[in-house]
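The structure appears below as structure tokens.
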Amino acid sequence: MSTLAARALVCRRGTRTVLESIDVAFVADQVTAIVGPNGSGKTTLLRHLAGLDRPAAGRVELDGIPTGGLGAGVRARRIAYLPQGASAYWPLFGRDLVALGRLPHGANLERPLAAQDAEAVERALRRVDGLAFADRTIDALSQGERARMMLARALATEADVLLADEPVASLDPAYALDATAVLRAEAARGGCVVVSLHDLGLAARFADRVIVLANGRVAADGPPDEALRPAVIDAAYGVGFRTVVLDGVTQPVAWSRGP
Ligand SMILES: Nc1ncnc2c1ncn2[C@@H]1O[C@H](COP(=O)(O)OP(=O)(O)OP(=O)(O)O)[C@@H](O)[C@H]1O
């Protein structure tokens, strides 16, 4: 059971302030969706949460302990990060790609995996319906197939926290729904799941909580129907949204340019 928090987090790139005083905490058992227009700071926030970037001010805490003080190995075991459009630089076999998720647990890919690592890899492959790709090289997979294997790599870590940057961007509707089910299952087993999304309808449907970022600030943070209300997202995106209610879930629909 973990809580990951950004405390008064500031990120500057050159003279620009990209994240300004971000104060958010992410808890176990929940899927939190981070949404916001292009350039609003979603990837930057996830990279800071993952410990890949150092803040200009403020800090990230895992269970109250600043992550900057945790060793890289501990951080990698406890926080899994799936980058946007993740790719691999070598034509690895699918199973070996997923096994990279076990490196923080001491796996060495030059030797046969220990039983518990091999089991975690098989579990992750099954969860993304990826067994058919396990013995193929990943350069021979479609972008969507590769995206599923990248998600499996992150799942194989079996970390307390899963940070996923646009994990459904290249997936067809069936696999996008499957991936969201996988992320929900991760939260149901006690995980703290934080995912950036462009599809506001999907965020409204499957997230417990939505954070709207705009210009590097939190514009709204709450249950989906509250955070995604038109007054917030019209201003954030510069779009006039309308809403439809499907099966009791309010779905924002981008309707016109200009709020
Ligand atoms: N290395 C960098 N140097 C300068 N500016 C940067 C750098 N990385 C990101 N930025 C800027 O920071 C802002 C936030 O970028 P970020 O990638 O976090 O946005 P995002 O919300 O994830 O966008 P998108 O939806 O397009 O993926 C952008 O304006 C971007 O141009």
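Numbering starts at 1 and runs along the sequence shown.
Taken to the nearest 0.5 Å, the CZ atom of Arg102 stands 12.0 Å off from the CG atom of Leu100. Taking OG1 of Thr44 as the reference point, atom CG of Leu52 lies at 11.5 Å (rounded to 0.5 Å). The CE atom of Met150 sits 13.5 Å away from the CD atom of Gln84 when rounded to the nearest 0.5 Å. How far CG of Leu200 is from OG1 of Thr250: 13.0 Å, rounded to the nearest 0.5 Å. A distance of 5.5 Å separates NE2 in His48 from CG in Leu9, rounded to the nearest 0.5 Å. Taken from OG in Ser40 to OH in Tyr237, the straight-line distance is 6.5 Å, to the nearest 0.5 Å.
Without hydrogens or angle criteria, Arg184 side chain to Phe206 main chain gives a donor-acceptor distance under 3.5 Å. Although no hydrogens or angles enter the test, the distance criterion places no donor-acceptor pair under 3.5 Å between the side chain of Thr3 and the main chain of Val27. Asp234 contributes a side-chain N or O that, together with a main-chain N or O of Phe241, makes up a donor-acceptor pair within less than 3.5 Å. Panel note: side chain Arg59, backbone Arg7; no donor-acceptor pair is recorded below 3.5 Å. The closest donor-acceptor contact from the side chain of Arg229 to the backbone of Glu226 lies under 3.5 Å. No donor-acceptor distance shorter than 3.5 angstrom exists from the side chain of Glu20 to the backbone of Arg217, with no hydrogens or angles considered. Counting only distance, with no hydrogens or angles, the side chain of Asp221 and the backbone of Ile211 share no donor-acceptor pair below 3.5 Å. No side-chain donor-acceptor contact under 3.5 Å links Arg153 to the backbone of Ala124. At distances below 3.5 Å, at least one donor-acceptor pair connects side-chain atoms of Arg77 with backbone N or O atoms of Pro104. At least one donor-acceptor pair under 3.5 Å links the side chain of Thr157 to the backbone N or O of Gly101.
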- Before giving the answer on side chain to side chain contact (heavy atoms under 4.5 Å, CB included), spell out for Ser2 and Leu62 the whole-Å C-alpha distance, their side-chain angles and the decisive distance to 0.1 Å. CA-CA 7 Å; Ser2 295; Leu62 183 61; 4.1 Å; yes
List the steps, then state whether side chain to side chain contact (heavy atoms under 4.5 Å, CB included) holds for Asp63 with Asp160. CA-CA 11 Å; Asp63 296 333; Asp160 306 330; 5.6 Å; no
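Listed by first and then second residue, the salt bridge (Lys or Arg N to Asp or Glu O under 4.0 Å) pairs involving residues 42-54 are Arg13-Asp53, Arg47-Asp53 (not counting sequence neighbours).
Within the 4.5 Å cutoff, the side chain of Leu92 has no heavy atoms near those of the Leu109 side chain. The shortest distance between side-chain heavy atoms of Leu49 and Tyr81 does not fall below 4.5 Å. In this structure, Thr67 and Leu70 have side chains that are in contact, with non-hydrogen atoms separated by less than 4.5 Å. Taking the side chain as every heavy atom from C-beta outward, Leu213 and Ile22 approach each other to under 4.5 Å. A heavy-atom distance below 4.5 Å is found between the side chains of Pro167 and Val195. Residues Pro83 and Asp165 have side chains not in contact (no heavy-atom distance under 4.5 Å, counting atoms from C-beta outward). At a threshold of 4.5 Å between non-hydrogen side-chain atoms, the residues Pro55 and Val60 do not count as touching. Contact check for His198 versus Asn38: side-chain heavy atoms found under the 4.5 Å cut-off.
Atom CZ of Arg123 sits in a crowded spot, with more than 12 heavy atoms from other residues, nucleotides or ligands closer than 6.0 Å. When the shell of 6.0 Å around CD of Gln116 is examined, it contains 12 or fewer heavy atoms from other residues, nucleotides or ligands.
Residues Ala254 and Val239 share a closest heavy-atom pair of CB-CG1, 3.8 Å. Here the closest non-hydrogen pair linking Leu202 and Asp199 is N-OD1, 2.9 Å. Nearest heavy-atom pair, Ala154 versus Leu162, reported as atom, atom and distance to 0.1 Å: CB-CD1, 3.8 Å. Closest of all the heavy-atom pairs between Thr243 and Pro230 is CG2-CG, 4.0 Å. The heavy-atom pair separating Asp23 from Ala8 by the smallest distance is OD1-N, 3.1 Å. The shortest non-hydrogen separation linking Ile138 to Phe93 is CG2-C, 4.5 Å.
Each of Val10 and Leu19 belongs to its own hydrophobic cluster when Ile, Leu, Val, Met, Phe, Trp and Tyr are linked at side-chain heavy-atom distances under 4.5 angstrom. Linking Ile, Leu, Val, Met, Phe, Trp and Tyr residues whenever their side-chain heavy atoms come within less than 4.5 Å places Leu97 and Leu155 in a single cluster. No single ILVMFWY cluster, assembled from side-chain heavy atoms under 4.5 Å apart, contains both Leu4 and Leu197. In the hydrophobic clustering of this structure, Leu113 groups with Phe133; members are Ile, Leu, Val, Met, Phe, Trp, Tyr whose side-chain heavy atoms approach within less than 4.5 Å, directly or through other members. One hydrophobic cluster, built from ILVMFWY side chains closer than 4.5 Å, holds both Val244 and Trp255.
The side-chain contact (heavy atoms from CB on, under 4.5 Å) test with Val193 singles out one residue from Leu163, Thr32, Val161, Leu183, and that residue is Leu183. Considering Leu125, Leu171, Val182, Asp178 as possible partners of Arg148, the one that fulfils the side-chain contact (heavy atoms from CB on, under 4.5 Å) test is Leu171.
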